[in-house]
Protein chains: 2
Amino acid sequence: MKMDKRKQQVLMALIQDYISTAEPVGSRTIARKYKLGVSPATIRNEMADLEEMGLIEQPHTSAGRVPSDQGYRFYVDNLMKREELSIEEENVIQKSYETKLKDVGNIIQRTGDMISQLTNYAAVVMTTHIGEVSFKHIQLVRMSEKRALVVLVTETGAVHHRMIDIPESISVADLETISSVLNKKLQGRTIGDIRTTLFNEIYFELTKQKQILNKALELVREGLTMESEDKIYLGGVFNILSQPEFNDVEKIKTLLSLLEQEALLSDMMSGFHQSNGITVRIGGELSNKQMRDCSMVIGNYSLGGNQIGSIGILGPTRMDYARAVTIVDYMTNNLCLVMRRLIRGRSK
Amino acid sequence: MKMDKRKQQVLMALIQDYISTAEPVGSRTIARKYKLGVSPATIRNEMADLEEMGLIEQPHTSAGRVPSDQGYRFYVDNLMKREELSIEEENVIQKSYETKLKDVGNIIQRTGDMISQLTNYAAVVMTTHIGEVSFKHIQLVRMSEKRALVVLVTETGAVHHRMIDIPESISVADLETISSVLNKKLQGRTIGDIRTTLFNEIYFELTKQKQILNKALELVREGLTMESEDKIYLGGVFNILSQPEFNDVEKIKTLLSLLEQEALLSDMMSGFHQSNGITVRIGGELSNKQMRDCSMVIGNYSLGGNQIGSIGILGPTRMDYARAVTIVDYMTNNLCLVMRRLIRGRSK
DNA sequence: GTTAGCACTCTATGTTGTTGAGTGCTAAAC
DNA sequence: GTTTAGCACTCAACAACATAGAGTGCTAAC
């Protein structure tokens, strides 16, 4: 079946109406509100076609139509128009970053709060796998005879830490030496680099400098593999409970139990590190099938060319995609500036 | 009115039954299930008295009775018997801590997971105000011409960090010097100490050692006042949604919007740093009146005599207080050992 | 002081009827 | 060939009503 102009108009009208009312949309409503210049009967025919094409569906015989996942997909890909944020909204956002920025966590949290406030959906903000980020500083702190804390600072100002075992023979001074050698050697490399290639080199350097046990380095290596300890901020969940599709306690429970699993969230957010653009995952397209009532709009933010994290908006499939995309777009671009401000200081 | 033995028995039976069934309890049920050796009619009389005393109430005329906040209070203070955890449960808990402990956050998260799993309520675990904990290491890392990152490691293995402004004239070497002087001077002091008393002393030392600008120290001071950046873990919220008192979407929304505010949570948890024991806050006793359908059982955990955090169980007022208290008790004590293991390494 | 008996209350549940929105189909109009 | 008016039909949502059952308080007897 051909997707002619009018079918598109009908689909567009239907989706827009459904997005704003959450009620199945009938032919009469479309004819009346969206002035396509044809009668309800004609629209009924078009709708029958659209249904056959799998773009819309009927909850039950005597109800209006509702967009299907495929319908939303077509809308997002072909019909949707980008919006702009209003000046006031941009001001609100900028203002929220104005108070002293203290650390990355801070920024992430504010970003998430802002998003959920602006959209009335839930927001997910996460920092990507640490491997892609440049090394800034490492410090080994001796906590007891057997244990030390590895503290790793990345170029982005993120701090990772982890406790490791140390041989009892290593002194505070030794750890200091190790720290300083590492700092010299690792300057400017990415964490990924370090993990995979640099070890032999450093190992050589260290044995030359001092008779430190083989084990020392292995331990540092162990300390460095802080596998994917992404920080995830999730907020505004209660927002999406206001959406009429979630007035069922069972659904809320499932959703919440899923959202509490950070691994799962992180999973859903990842898988498109490649793209610079914004990804929209609709209903069943999400990696987790239990989330089929939800959609996500996801974008990556970067610093100095490296993608260092993602921003996601989580809402019902009946979500205002145009607005969500606009906001993710704005926020990802903005985050880059804000991060730079955190690290470089206020420029003006 | 006198609270005689039998009234207590009736109250006890009523509360136990209500806790397990969530249904208003009638006189017949008590007579049948709890074998007090009297007829329903007698129990009705006793219940009328208990109601007059404000310990139980009637949702409506033809329903059974339900404990009031006061009723639960009496139960918790006078009637409730401490339980013991079963050996299996203890094993499960111990096993959950067995995999490599990497940092404090790790431990806190596992503790929270464990609690919500064992109780089917929500768990809140937080680290207390940093001021009470001893200093271990400080490091200033230069991030750009104008900015540096202060990284602070406490004796408990917690890492705090914060970005500060620095004068452009300060070099990496200067920061290194400052770091090392600070490290020497601050060894073993508590953060609170440092903030209030030690500054002059260090200031003197530093000016003697090197001509570093006045500003440097002020900045460190600024960096140190990381006010109450408590980390809060909250998990298992979806558990408490299974409780029949939360099958109302409105209630869930209110609850969730409250729980998303960390400040509020932190508020509810604090206010009894004094006590070593376990605090039970029932319904309206909670600092936030919107939470009157919930109760919390809260305990503090400590390390080397210092209270360094709190554990809380959040459930409906109709909560199994005996079990909650047992679990909080076990977990707080256990956490002390686990923390020590994190820092000292496995002892055997 | 305790208990059996009884009238009374009130929610929860199920039944039934009604309403109204929306459809698909047909035949006429354009 | 496309569009539209008209109409019979379907189905969820809602309200009105009836019924059952759990539980109470009171009274009078034990």
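Only this structure's heavy atoms are used, side chains among them; waters, hydrogens and symmetry mates stay out. Residue numbering restarts at 1 for every chain, and letters A, B, ... go by the order of the sequence lines.
- Between A:Lys33 atom NZ and C:dA21 atom C1' the separation is 15 Å, expressed in whole Å.
- Within the 4.5 Å cutoff, no side-chain heavy atoms of B:Met296 are placed close to those of B:Met291.
- For the pair B:His60 NE2 and D:dG21 P, the interatomic distance rounds to 17 Å; values are reported in whole Å.
- For residues 36-84 of chain B, every residue pair satisfying the ring pair (Phe, Tyr, Trp, His ring centres under 6.0 Å) rule, not counting sequence neighbours, is listed here: B:Tyr72-B:Tyr321.
- Just one of A:Ile313, A:Thr279, A:Ile278, A:Val76 meets the side chain to side chain contact (heavy atoms under 4.5 Å, CB included) condition when paired with A:Val325; it is A:Ile278.
- Overall, the helix from C:dG1-D:dC30 to C:dC30-D:dG1 carries an axis bend of 20° between its ends, with five pairs at each end and the value rounded to 10°.
- When rounded to the nearest whole Å, the span between CD1 of B:Ile43 and P of D:dG23 equals 12 Å.
- Residues passing the side-chain contact (heavy atoms from CB on, under 4.5 Å) test with B:Ser86, sequence neighbours excluded: B:Glu88, B:Glu89.
- Atom CG of B:Leu259 is separated from atom SG of B:Cys294 by 7.5 Å, given to the nearest 0.5 angstrom.
- Contact check of residues 3-12 of chain B against DNA chain C (heavy atom, cut-off under 4.0 Å) returns B:Arg6.
- The one candidate from B:Glu23, B:Glu51, B:Glu57 that meets the salt bridge (charged side-chain N to carboxylate O under 4.0 Å, His left out) condition with B:Arg65 is B:Glu51.
- In this structure, CD of A:Glu46 is placed 10 Å from P of D:dT2, rounded to the nearest angstrom.
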remark   = Per-nucleotide protein contact along nucleotides 23-30 of chain C, 5' to 3', at a 4.0 Å heavy-atom cut-off (B base, S sugar-phosphate only, - neither), is BBB-----
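- Atom-to-atom, CG of B:Leu36 to P of C:dG1 comes out at 18 Å; the value is rounded to the nearest Å.
- Contact check, B:Ser39 against C:dT2: no side-chain N or O comes under 4.0 Å of OP1 or OP2.
- Going from atom CD of A:Glu23 over to atom P of C:dG20 covers 17 Å, rounded to whole Å.
- A donor-acceptor distance shorter than 3.5 angstrom exists from the side chain of B:Ser68 to the backbone of B:Gly54, with no hydrogens or angles considered.
- Among residues two or more places apart in sequence or in another chain, the side-chain contact (heavy atoms from CB on, under 4.5 Å) test is passed with B:Phe238 by A:Leu256, A:Ser257, A:Glu260.
- For A:Thr119 (side chain) and A:Ile115 (main-chain N/O), a donor-acceptor pair under 3.5 Å exists by modelled atom type.
- In this structure a side-chain-to-backbone donor-acceptor pair under 3.5 Å is missing from A:Arg318 to A:Val66.
- Just one residue in the list A:Leu314, A:Leu264, A:Val124 forms a side chain to side chain contact (heavy atoms under 4.5 Å, CB included) with A:Met269, and that residue is A:Val124.
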